[in-house]
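Have a look at the structure below before the remarks.
Numbers restart at 1 for each chain; the letters A, B, ... are given by sequence-line order, proteins then strands.
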Amino acid sequence: MRVPGVVFATRELLPQAAGDKALEQVANVATLPGIVRASYAMPDVHWGYGFPIGGVAATDVDGGGVISPGGVGFDISCGVRLLAAGVARDELDPERIRRVMDLLDRTVPRGLGRGGLWRLSGPEELDDLLIGGARYAVEHGHGVPRDLERCEDRGVLDGAAPGEVSTRAVERGLQQVGSLGSANHFLEVQAVDKVHDPETAAAFGLRQGQVCVMIHCGSRGLGHQICTDHVRAMDRELQRYRIDIPDRQLACTPVDSPRGRAYIGAMIAAANYGRANRQLLSEAARRAFATALGVGLELVYDVSHNLAKLETHEIDGVARHLCVHRKGATRALPPGDPSLPADLTEAGQPVLVPGTMGTASYVMVGLPGNDAFHSACHGAGRVWSRHQALRMVRGERLHSELEARGIAVRPASYRALAEETPDAYKDVDAVAAVTEGAGLARQVARLVPLGVCKG
DNA sequence: ATGTAC
């Protein structure tokens, strides 16, 4: 290990299933060339591909630091978007919630494969979207300019290289703009159940009882294919760069190399695709809310939790150019950060933490003094594998249990629903509390689900 | 996460 491994957790939140490799992965990441400060794990850490999910690692770009696709994840730019509805929970009876959920059920594309909301004209237009991200979507009528003000990076990262995206990735991506996908992805109707910090909540446009929409999805088959392509290419070139790693899933290459630049260009293209995807899904939610309830949805924030970003941080008193990998970890900018939108500068960055369909989700806010390169948790974190969840739970039964608790569930499939049983996850309330206790971010509001449109 | 395998 070149640096320590630092895990923010209580004993209860530590991965402890027999054979779980998450902590070993924290140590493996600490061996990467150019890593600085520490290999970090957030309280929701669990076993992933190469890097743990919930892992944060920064490498020194000018000191031979590497970039690793496994430190970003297969679902490049997977992230969360929160919208605030112009209606309160006590204004909606169960019948009106059913009505909007039925409409979402019919209009939100989801599940493995399947088409998306936006049929692009062809590869040329996809290239434009990979370069323009959510901004491209808004320019083509999918949303309003204010949406972009509330997106990380204003909805688009510079530096996309569509030429580094394989034709196979393009083929997969063409049909899926505006689709949730499956597994833990969802579109939920939620209500603010508790406000921990009224002043910050107000700055975010949230108040007690407020109905919200939370969208969790990523870059679908396009991001997955880019990850697959570039892991393979880096794996073949490890010896050329004399990189010695304890796990081939950590395949990596210097950031400042042709292969590193190629991956970053493709990764940014996928990031922009993921942002456009969430923008399209927001518009579907807006149509459903307008039709069923006659109310609008204002964007609170949109943030990725699977991404590597080139950022400047001070290391031992010197400003360094770093490649910060956040895999299942949310950037959490503190108040005053210049890259925040003007109306959030005083409050800090909203940190969106989706829980499970039967429990809570959190809105947190970034804090000063976060040594993990301004990063925080991204969710509850799995404790059961999907396979184990399927052995323990039947989707039909879970569906009726959630409905009996007043949560309207619209699943893509019962199998996928069972895999996502709340029992398969850590206690999100504990994850949020420990994230705050560790000084990574502060709790602002707790949200509970009213309806779940499940991928 | 994922047309759940080149």
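Backbone-only contact: G221(A) has heavy atoms under 4.0 Å from sugar-phosphate atoms and none from a base.
R114(A) places its CZ atom 12 Å from the P atom of dT2(B), with the value rounded to the nearest Å. Per the geometry, CD belonging to Q225(A) stands 12 Å off C1' belonging to dA5(B), to the nearest Å. Whole-Å rounding puts the Q175(A) CD to dT2(B) C1' distance at 16 Å. Put simply, CG on D235(A) is 15 Å from C1' on dC6(B), counting in whole angstrom units. As rounded to whole Å, 9 Å separates atom P of dT4(B) from atom NE2 of H224(A). The OH-C1' distance, from Y49(A) to dT4(B), rounds to 15 Å in whole Å. Remark: P of dT2(B) and CG of D229(A) are 16 Å apart, rounded to the nearest angstrom.
With no hydrogens or angles considered, a side-chain donor-acceptor pair links S282(A) and R81(A) at under 3.5 Å. Inspection of the Y414(A) and E419(A) side chains reveals no N or O donor paired with an N or O acceptor under 3.5 Å. For the residue pair D337(A) and Q349(A), no side-chain donor N or O sits within less than 3.5 Å of a side-chain acceptor on the partner.
The nearest heavy atom of DNA chain B to R232(A) and to Q176(A) marks one nucleotide each, and the one closer to the 5' end goes with Q176(A). Nearer the 5' end of DNA chain B, as judged by each residue's closest nucleotide, is the contact made by I53(A), out of R168(A) and I53(A).
Taking the six-membered ring where the residue is Trp, the centroids of H216(A) and H378(A) are separated by 6.0 Å or more.
For the OP1/OP2 pair of dT2(B) and a distance below 4.0 Å, the side-chain nitrogens and oxygens of R220(A) include at least one atom meeting the criterion. When the side-chain nitrogen and oxygen atoms of S182(A) are compared with OP1 and OP2 of dT2(B), one or more of them lie within a distance under 4.0 Å.
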